[in-house]
Amino acid sequence: MSNMSTPILKLDGVSTNYQTLRGWVRATENVSFEIARGEAMGLVGESGCGKTTIALSILKILPPGAKIRKGKILFDGADIVPFSDSKMRKEIRWKGISIIFQGAMNAMNPVFKVGDQIIEAIRLHEPDVSKEEALKRTEALLEMVGVEPSRVSNYPHEFSGGMRQRALIAMALACNPKLLIADEPGTALDVIVQAQVLQLMRDLKEKLGLSMMMISHDLSIVAEVCEKLAIMYAGNVAEYGDVESVFKEPLHPYTQGLIKAFPTIKGERQKLVSIPGQPPDLLNPPTGCKFHPRCPYAMDICKKENPQLKKQGPGEHYVACHLY
Amino acid sequence: MGLRGYLVKRLLNTAILVIFVIIVNFAIFELLPGPNGALANLTGRAHGNPQAIQNLQINLGLCTGFTADNKCIAPSVWDKFAIYFKNMLTFQFGQSQQSGNSVLSDMISTGRLWNTLTLLGTATAVSLAVGIFLGVLVASRRGTLFDSSMVTVSLTTFSLPTFFMGLVLLLVFALWIPLFPPGGVTPSSWILGTPSLPDQILTRIRYLFLPALTLTLFFYGGNLLLTRATMGEALTEDYITTARAKGLSERVVLFKHALKNASLPIVTNAALAFGGILGGAIITETIFTWDGLGLWLYHAIGWHDFPVLQAMFYIIALCVIGANLISDIVYGMIDPRIKYE
Amino acid sequence: MSQPTRVPFLLIRFKNFLLLLLKNKLAAVGMVVLLLFVFLAVAAPILTPYAPTGASVSEPYDPPSWITTFNGPLGYSQNAQFSALTLNATGLATISKQAAHSVRLTFASPLTGGTVQLTEKLSYPYQGSPKRLLGFAIVDVPNSIGKPFTVTAFVDRIGVSRFVFWSPTEINSTGQHLPSPPIDSSQSTFNAKLGLGAQFSAATYVFAAQIADYQYVLQIHVPAGFVGTIDVQDFQLSLLGNTWGIFGTDDAGHDIFSQVVYGSRLSLEVGLFATFIGIGVGLLIGLTAGYLGKLVDEVLMRTTDMLLVIPFLPLLIVLVATIGSGLIYIILLIGFFSWMGFARIIRSQVLSLRERPFIEAAKASGAGTGYITARHIFPNIVSLTYVNLALSVPAAIVTEAALSFLGLGDPTVITWGSMLGAANTAGGSISNLAWWWIIPPGLSIALLSLSFILLGYAMDELFNPRLRRRR
């Protein structure tokens with residue numbers, strides 16, 4: 001089933017909804033994209049646009065009340081949506097797909113030693129590995145991400161933010177996953193440490209040939225590491241394609257706005273423009289294209305119909321907008 | 001400051017508390033007019049020749065000496081306190097007015113201390129285990145019918161006073177459906193001869209069941225509600241998502257990763273609640289005529305047996321202080337961060 | 001801003017607060033339960049004619065009468081009394097009724113002798129026999145003529161059988177006061193009079209479990225030649241049933257309902273007064289520590305912490321045992337040892353308030369300490385005080401009940417706790433454990449406590465919007 005040409009991950013029309021007392025929240029709607037082997041894809045959008053929901057849907061660790069209501073998630077060619085929880089635990093989570101959360105936050109359990117948390121992951125998925133062997137592997141992993149191996153017996157609070165982020169990366173690589181999801185890596189760290197973490201991720205990707213999905217609200221971070229880019233807005237994929245074509249020729253008005261909102265160092269001086277308005281309330285989203293209330297080019301059709309992703313131009317470049 | 005420094009600080013605090021309790025005890029029993037000075041009772045039933053009584057009074061520090069006409073020269077409050085302090089630290093509580101024996105031997109050799117520890121130990125362990133276990137389950141099923149019904153049930157049992165709960169259990173399970181004996185620690189027939197060991201254990205459990213259940217019903221609820229609250233908080237943390245993403249089973253996520261974080265307030269609360277459990281034990285022992293320290297205290301009230309009363313209060317306070325020290329140590333062991341505070 | 005408008009404004013605010021609070025369903029339930037107990041406490045003398053510590057009203061351990069609705073009427077009875085005194089003197093004497101059960105017979109002219117007969121009637125309505133039969137009759141002959149008077153007393157199941165309690169051979173006297181041996185089925189000699197073995201119940205024998213008409217008759221055999229008066233007093237026969245009232249009776253035959261009703265007074269008194277003291281001391285110490293800070297704070301809070309460690313109930317037990325167990329002592333002691341938690345809360349609230357920007361702003365604009373305390377600190381603390389008030393009352397109520405349960409309560413009054421204690425002591429032999437003596441006071445303690453807890457939680461939710469459930 002799995003050969004080199006099947007993408008490592010393919011999402012096909014995934015809709016994940018949250019049940020609340022006031023009704024269903026459409027956290028993601030009809031999301032489709034794919035990640036080839038050894039490729040890194042960036043998932044970019046404002047906070048609350050459904051990026052993390054996508055990550056949690058892929059691992060099927062959604063909070064209670066949330067449900068994948070439609071679509072397929074093909075991991076290595078197999079649809080994992082119908083998988084049972086125990087099958088997910090044994091075959092997919094960490095062994096197949098692992099995830100790195102923000103290191104600055106409480107992503108590591110504060111009451112267990114860092115080393116023990118990594119060893120736990122190794123021995124969970126490879127029960128044959130002895131404790132000593134797991135410890136050795138953990139030390140090697142820490143060394144690989146640039147943490148002194150002697151710090152295995154430290155607690156997370158004894159680590160700096162950057163070290164914690166590195167340790168999380170080491171933990172994510174513990175079982176040699178086929179796909180790595182990085183949820184806002186380096187966010188909330190200071191700029192230099194953040195740059196170091198990104199450099200590490202790039203190096204590891206080269207060295208280990210990792211397939212990666214990088215979630216961020218920061219276009220520039222994604223541009224540094226990824227080959228592909230998906231822009232999300234209010235639970236929908238607005239634009240999707242090669243980093244280069246998206247950056248050179250942003251098609252969706254939202255993407256255009258996002259790019260204008262970031263300063264470039266090399267290019268000519270431009271006025272920074274922020275996108276007016278607020279992201280919509282997903283409980284009660286606008287009809288049609290969810291971006292239309294903020295869109296400078298909004299037409300009548302935009303209020304009625306939600307646009308589908310359409311291929312645009314010669315390369316891999318898709319956009320969901322009635323303008324094209 | 002390392003763990004050692006933390007422990008030294010806690011031990012120091014414990015020592016201060018013990019001194020404080022002795023001062024309170026001294027104030028209640030020696031300075032208040034009521035008991036006529038419990039020290040005076042140390043002479044107890046020392047009838048006999050006047051010389052022997054005088055010697056005893058000097059030995060006990062009631063008098064520093066005697067005038068020519070055999071009048072006692074009373075010591076100052078400070079002298080009295082010094083003697084009292086020494087007596088308390090060496091567990092010299094004098095003689096019980098009920099039995100005439102030394103309070104310490106009445107407490108230990110009659111098995112009262114052991115009986116109370118059995119009851120308290122069982123009730124504390126079961127209420128912690130049940131409360132925490134159910135609390136974790138409830139927290140992981142927040143908002144379900146199971147959740148709301150468990151919360152209602154534990155609030156109800158929590159607000160029923162021990163003495164009411166105990167009497168109702170006695171009424172239902174000893175009188176109406178006589179499954180359990182109505183009171184006592186062991187059957188009176190055991191004086192004549194004890195049965196085989198398995199029989200003994202079973203019978204003891206039957207006798208222990210209702211009093212232990214009474215105390216447990218009162219205290220599991222607090223543990224359950226607290227666990228539910230702290231677990232609810234812990235379950236929203238990022239490391240729980242990490243643990244789930246790692247492929248850990250829900251059982252491990254809940255009982256290892258979340259519970260260890262959530263257990264800190266539970267440990268603190270358990271020590272604070274221990275004072276309440278002791279209070280409950282006095283009442284429970286009275287209802288089920290469980291021959292422990294509580295029942296003894298109850299009888300001592302009726303007898304105005306002040307040496308016993310002060311010894312009981314002192315021992316109970318020591319137990320609570322001890323529980324607090326244990327909880328501090330456990331806290332230090334669970335939470336790695338405490339060492340640096 | 002002017003002074004006179006302040007009070008009405010506060011009243012309006014209080015009313016609005018109350019309305020807001022009662023929107024919470026649980027708070028409304030709590031308020032209803034609380035008002036019920038307040039009603040019981042206020043209306044106690046109207047609700048029950050019996051004093052809680054008064055005379056017995058019926059036999060000991062009578063279950064409540066309403067158990068017949070569950071168990072059926074068969075075998076159950078209530079108190080009953082013979083009444084409707086009639087006199088048959090057949091022209092021998094003139095009669096004047098002195099009281100309900102007392103008459104005076106006047107013999108104006110000498111007789112040849114004869115019998116006067118007093119009768120009281122009862123249609124016995126219960127399908128169970130009474131527990132005890134208790135009769136009186138005092139016959140006085142103030143101007144005796146030296147000839148013997150004899151008396152017969154009996155009960156007739158009309159038209160069926162007769163049970164003689166006094167026979168002329170027994171009551172035969174020339175004195176001014178005729179002997180009146182007790183007519184009491186609990187007396188050991190009573191069964192013998194009826195020719196009944198000691199193992200049987202005379203009351204059951206006489207009032208066999210069936211509905212029938214009975215009469216209680218006193219026959220006075222007057223000797224010939226008598227002139228003068230005969231006084232018959234307290235001519236009555238009471239049947240003490242095997243059920244009583246709303247909550248039955250205790251081991252001395254006291255009315256449990258009265259005890260519960262009057263107990264609500266005491267519980268509310270103890271709960272509220274002890275809490276007021278505790279809150280007062282807590283406010284004082286908390287505010288002082290929080291406001292003065294530094295050494296004062298350190299000393300006060302250290303003491304507070306140490307007091308918090310000392311087990312509360314054992315401390316109270318030894319204090320009440322040494323000082324005395326009057327209700328006032330109990331209130332004072334509970335109050336003075338329950339301020340610690342509240343003082344800590346107030347102190348931390350003051351500390352955090354002092355750092356808030358609006359206090360800084362007030363200070364910067366020249367407001368004095370007194371003004372700041374009154375306008376800014378106090379309103380923020382009032383809500384905490386309300387909540388703590390509501391949550392401390394149940395603790396005080398339960399503590400008092402626990403002390404009373406252990407026999408340390410005020411011996412001159414009967415509280416819910418002392419009722420449970422008495423029920424427990426009486427239940428030393430397990431078969432004496434009476435549910436109707438345990439459930440009403442126990443449930444009352446629980447319900448009254450719960451009402452305060454519900455109100456307290458509702459207020460907490462109202463004052464701390466963070467806790468409000470998202471809807």
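In the text below, chain A, chain B and the rest are named by the order of the sequence lines, each starting its count at 1.
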Student: Side chain, backbone, both or neither: which part of A401(C) has an atom under 4.5 Å from a heavy atom of chain B?
Tutor: both

Student: Side chains of F173(B) and L210(B): closer than 4.5 Å at any heavy-atom pair?
Tutor: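 Yes, at least one pair of side-chain atoms sits under 4.5 Å.
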
Student: Between L408(C), L406(C), V398(C), I453(C), which residue shows the highest count of heavy-atom pairs closer than 4.5 Å to chain B?
Tutor: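 It is L406(C).
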
Student: Could you tell me whether R302(C) and E298(C) make a salt bridge, using a distance below 4.0 angstrom between a side-chain N and a carboxylate O?
Tutor: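 Here R302(C) pairs with E298(C) in a salt bridge, since their nearest N and O are under 4.0 Å apart.
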
Student: Give the intermediate values and the outcome of side chain to side chain contact (heavy atoms under 4.5 Å, CB included) for residues W339(C) and L307(C).
Tutor: CA-CA 10 Å; W339(C) 52 267; L307(C) 280 173; 3.6 Å; yes

Student: Highest number of heavy-atom pairs under 4.5 Å with chain C: which of L309(B), V320(B), L171(B)?
Tutor: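 With the most close heavy-atom pairs to chain C, the winner is L171(B).
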
Student: Side chain from CB out, backbone as N, CA, C, O: work out which of these in I310(C) comes under 4.5 Å of a heavy atom of chain B, or both, or neither.
Tutor: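 Side chain only.
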
Student: Does any heavy atom of chain C fall under 4.5 Å from the side chain of I301(B), the backbone, both, or neither of them?
Tutor: side chain

Student: Kindly give the heavy-atom pair with the smallest separation between A426(C) and D251(C), and that separation in Å.
Tutor: CB-OD2, 4.1 Å

Student: Between I445(C), L315(C), L313(C), who has the most heavy-atom pairs with chain B when the cutoff is under 4.5 Å?
Tutor: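 It is L315(C).
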
Student: Non-hydrogen atoms of chain C under 4.5 Å away: do they reach the side chain of L170(B), the backbone, both or neither?
Tutor: both

Student: Sort out for me which of I287(B), I316(B), T286(B) touches chain C most, counting heavy-atom pairs under 4.5 Å.
Tutor: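 The candidate making the most pairs under 4.5 Å is I287(B).
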
Student: For I439(C) versus F164(B), what's the shortest heavy-atom pair and its separation?
Tutor: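 So the minimum-distance heavy-atom pair works out to CA-CE1, 3.9 Å.
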
Student: Quick one: sort the F180(B) and F209(B) rings into parallel, tilted or perpendicular, breaks at 30° and 60°.
Tutor: parallel

Student: Is it the side chain or the backbone of V24(B) that comes within 4.5 Å of chain C heavy atoms, both, or neither?
Tutor: side chain

Student: Which heavy atom of L224(B) sits nearest to which heavy atom of S154(B), and what is that distance?
Tutor: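 Smallest interatomic distance, heavy atoms only, reads CD2-OG, 3.7 Å.
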
Student: In terms of heavy-atom pairs under 4.5 Å, which option from A446(C), G407(C), A402(C) contacts chain B the most?
Tutor: A402(C)

Student: Go through the atoms of I438(C) and report whether side chain, backbone, both or neither lie under 4.5 Å from a heavy atom of chain B.
Tutor: both

Student: Counting heavy-atom pairs closer than 4.5 Å to chain B, which one of T303(C), L447(C), L316(C), I317(C) comes out on top?
Tutor: I317(C)

Student: Specify whether Y61(C) and W437(C) have parallel, tilted or perpendicular ring planes, treating 30° as the upper limit for parallel and 60° as the lower limit for perpendicular.
Tutor: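 Perpendicular: the ring planes of Y61(C) and W437(C) meet at over 60°.
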
